[in-house]
Visitor: 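Got a structure for you, questions after.
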Amino acid sequence: MGLNSPDSSSADSPEAAASPAARRQALGRLIDEHNGALHAFLMSRIRDEQEARDVAQEAYVRLLQLDQPEAISFLRA
C-alpha cells in the first residue's frame with residue numbers, strides 16, 4: 001500500500017495517542033529554552049514590543065499545528 005493509505009497510518013498506536021500531549025510538552029520546553037532569543041531576534045527586526053510578541057505567539061501556534069510532531073526537535077533554527 002502507499003505511504004498515505006489508512007493501513008500504513010500509526011494513528012492506532014500508543015505513540016500516536018500520546019502525541020498531542022508529547023507535542024505540547026516538547027513545545028513548552030522549546031518556548032522555555034528559546035523564547036528570550038526569539039523575542040530578541042524579533043525585536044531587532046520589528047522594533048515593536050507587542051508586534052514581536054504577536055509574531056512569536058503565531059510561530060508557537062503554527063508549531064502546535066504541525067503534521068510532523070517529530071520536527072519540533074530541530075526547530076530552533
Side-chain angles (χ1 to χ4, degrees):
M1 300 227 164
L3 291 175
N4 294 326
S5 70
D7 292 337
S8 66
S9 172
S10 62
D12 295 331
S13 71
E15 294 83 11
S19 182
R23 290 171 63 190
R24 284 191 299 273
Q25 187 176 33
L27 183 58
R29 283 193 308 271
L30 185 74
I31 291 169
D32 289 344
E33 294 173 12
H34 303 292
N35 191 53
L38 176 60
H39 185 261
F41 173 78
L42 292 171
M43 283 298 295
S44 74
R45 301 285 196 251
I46 299 172
R47 303 210 185 273
D48 178 272
E49 180 76 25
Q50 188 57 49
E51 185 68 21
R53 290 184 188 275
D54 289 345
V55 170
Q57 182 176 1
E58 179 64 26
Y60 297 134
V61 167
R62 288 180 184 211
L63 287 176
L64 283 170
Q65 296 171 344
L66 280 177
D67 289 335
Q68 299 172 336
E70 65 276 1
I72 290 177
S73 65
F74 65 84
L75 285 176
R76 183 180 187 279

Visitor: More than 12 heavy atoms of other residues, nucleotides or ligands under 6.0 Å from CD of E49: yes or no?
Guide: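 Yes, CD of E49 has more than 12 neighbouring heavy atoms, counting only those of other groups under 6.0 Å.
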
Visitor: Report yes if the side chains of Q50 and D54 come closer than 4.5 Å at any heavy-atom pair, otherwise no.
Guide: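 Contact flag for Q50/D54 side chains = yes.
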
Visitor: Partners of I31 by side-chain contact (heavy atoms from CB on, under 4.5 Å), sequence neighbours excluded?
Guide: L27, N35, Y60

Visitor: Membership question, hydrophobic clusters at under 4.5 Å side-chain separation (ILVMFWY): are L38 and L30 in the same one?
Guide: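 The answer is yes; both residues are in one hydrophobic cluster.
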
Visitor: Mind listing the closest non-hydrogen atom pair of I46 and E51 along with its distance?
Guide: CG2-CG, 3.5 Å

